[in-house]
There are 2 protein chains.
Amino acid sequence: MELRTLRYFVTVAEELHFGRAAARLHMSQPPLSRAIKQLENDVGAVLLHRSSAGVMLTPAGAALLDEARTLLDQVDRLRVRVAAAAGAATITVGILSDSADRGATRLAAAYRRRHPGVEVRIRETDLTDPTCGLRAGLVDVALTRGPFDETGLTVHELRADPVGAVLRADDPLARRDRLELADLADRRWFQFPDGTDPIWQSYWNGGEPREGPVVRVVQECLQAVLWNGTVGMMPLGHDPPEELAVVPLIDMAPSRVVAAWNEGDANPLIRSLVQIATAAYRD
Amino acid sequence: MELRTLRYFVTVAEELHFGRAAARLHMSQPPLSRAIKQLENDVGAVLLHRSSAGVMLTPAGAALLDEARTLLDQVDRLRVRVAAAAGAATITVGILSDSADRGATRLAAAYRRRHPGVEVRIRETDLTDPTCGLRAGLVDVALTRGPFDETGLTVHELRADPVGAVLRADDPLARRDRLELADLADRRWFQFPDGTDPIWQSYWNGGEPREGPVVRVVQECLQAVLWNGTVGMMPLGHDPPEELAVVPLIDMAPSRVVAAWNEGDANPLIRSLVQIATAAYRD
DNA sequence: GGCGACGATACCCGTACGGTATCGGCACCA
DNA sequence: TGGTGCCGATACCGTACGGGTATCGTCGCC
């Protein structure tokens, strides 16, 4: 008997309907039916009476529902007590300025639920340092984008976004449904300040050294497009800003959304965050 | 977080030694180490302090040990309460007279622990009905041997025993280390009464009709060997009786030790027994 | 009697768990 | 100081189980 199975049972007992319970559990109905049957074999009693009229709890099922609820409540209490015994915990998360998307939102919600006692400090950073100050020890874990110099860091991919060119809506190329880097070769591009991670810099410049204004945050980059007609770049999937168009660049490698931390840092709060992030970004 | 993991942790916390804990859990050390590490990531705290001096509980670990113990106790209480709510339960187990071996002993112990409230009735039956009265409804589940007519029954293999010929110790063939059925063709064999399952009958006669005394229990069969010089047969693995020798028969198919129940009988107590039996016979 | 709803069954696939082999660090000792 | 043994961590592999889709069986209900 495992806790997962008990959670399944509680859901079915609440819904009294396998299909709806499966939906609430984000799974399909057959494995749920199977899990309940295994639970019945495990406890040695029929828990649910299935008939065409519907699903009903047997006396044994009612008893198990009650017990299972208190058991699952106790698991939450357990988490809180362990966290309290571990002492005041803090984790500092670095987030690249344009990475506060839906995945990060879900991550934050799930992480607060899982570790209610942990103080999460957020440090949002501009585009000049994709590691968000990991190496300097300013953050414990970074939610950011690749590619960048990974030496001394452990990097865990969460997603991969195709990349597009940002152009003024009235730009002749803006009507194209896809572009190649060569189409933009004669344009002015944006630049990052000196000292920026060269892999990162080179990636956003399409591998070539470019001429153009220096930017530090996404807004500056977009403004440069609007006012100076430079080429900008951004991951696809976000809504294009007003007056601008984003056209997929077919010969740019996708930009990997990643979690990164200092190699060898065994802080369980970091590992837990990465684990939760993996689930939060999956769907 | 699953209960299995908590059981692992409690064991490690009690032993303060991964190797010994793994031995107690009947597993090897590496997956245990990994499971504890995952648990630490799950609760977001280091639970054990590993050093060359040994393994120590951290404050968080001590808190979790306490909580986990009460949680696991509660699971046992849950089982009892569900069984009580299910009402007085009875299961009748048929055991073929020579099948009360170590596997069955372990099964009985494990089943009593898992289902303390269930009244288990045992019906030991002689060799004339390998189904132990399943079809007549005399038993819910049979622990027996194959082969027999399986129509209307569901049969689950637990083990397979090679079969040997039982001979008087002074029989010239008794010194051989293996025999074929042909070596015994001119002997008198034992018989089962009329009406015995023909597949079962034929199996123990080596596929041929034979002449010889009718027996109903193993003892009669052995006595017939001793007093009348007939050929007897029995599964290997048991100690040969006094004054008798058991010689492997290389052209007899092994006799399958099985659990069997009436097809479509969904009684969870039966399924649970079969599941526990599978584990009990495995090692 | 055809249809729709719903749980059960059959079958496939990927992941995660447990296994063996090996490493790395540390104490103890010659 | 180098050798040895202990012990937890890591690497890698195979399998069993959990979850998926497709389909069935059964029972109300127009």
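Heavy atoms only: backbone and side chains are in, while hydrogens, waters and symmetry mates are out.
Of all the residues in residues 28-36 of chain B, S28(B), P30(B), P31(B), R34(B) reach under 4.0 Å from DNA chain C with at least one non-hydrogen atom. Of the residues in residues 14-26 of chain A, H17(A), F18(A), G19(A) come within less than 4.0 Å of DNA chain C through at least one heavy atom, sorted by number.
Side-chain atoms of S255(A) do not come within 3.5 Å of backbone N or O of P235(A) as any donor-acceptor pair. Under a 3.5 Å cut-off, the side chain of E2(B) and the backbone N or O of L3(A) do form a donor-acceptor pair. Formation of a donor-acceptor pair under 3.5 Å by the R271(B) side chain with backbone atoms of D265(B) is found in this model. One N or O on the side chain of R106(A) and one on the backbone of A280(A) form a donor-acceptor pair closer than 3.5 Å. Checking side-chain atoms of T5(B) against main-chain N and O of L39(B) turns up no donor-acceptor pair under 3.5 Å. The closest donor-acceptor contact from the side chain of E40(A) to the backbone of L47(A) lies under 3.5 Å. Side-chain atoms of D149(B) do not come within 3.5 Å of backbone N or O of I199(B) as any donor-acceptor pair. Of the possible polar contacts, one joining the T144(A) side chain to the P130(A) backbone as a donor-acceptor pair under 3.5 Å is found.
Here CZ of R81(A) is found 10.0 Å from CD of Q74(A). Values are rounded to the nearest 0.5 Å. Between atom CG of residue L25(B) and atom OG1 of residue T11(B) there is a gap of 4.0 Å, rounded to the nearest 0.5 Å.
In this structure, R113(A) places its CZ atom where only 12 or fewer heavy-atom neighbours from other residues, nucleotides or ligands lie under 6.0 Å away. R112(A) CZ: 12 or fewer foreign heavy atoms inside a 6.0 Å radius.
Across its full length, the helix from dG1(C)-dC30(D) to dA30(C)-dT1(D) shows an angle of 10° between the axes of its 5 terminal pairs at either end, rounded to 10 degrees.
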*Is there a side chain to side chain contact (heavy atoms under 4.5 Å, CB included) between R123(B) and D140(B) once you walk through the steps?*
CA-CA 10 Å; R123(B) 186 167 181 275; D140(B) 295 312; over 6 Å; no
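With sequence neighbours left out, the ring pair (Phe, Tyr, Trp, His ring centres under 6.0 Å) criterion links Y203(A) to no other residue.
Running 5' to 3' along DNA chain C, contacts with non-hydrogen atoms of chain B at under 4.0 Å begin and end at dC17(C) to dA27(C).
In this entry the distance linking CE of M1(A) with P of dG18(D) reads 14 Å, nearest Å. We find that CG of D42(A) is positioned 12 Å from P of dG18(D), with the value rounded to whole Å.
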*Could you encode protein contacts along nucleotides 25-30 of chain D as a string, one character per nucleotide from 5' to 3', using B for base contact, S for sugar-phosphate-only contact and - for no contact, with a heavy-atom cut-off of under 4.0 Å?*
--SS--
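Side-chain contact, Q29(B) with S33(B): a donor N or O sits under 3.5 Å from an acceptor N or O.
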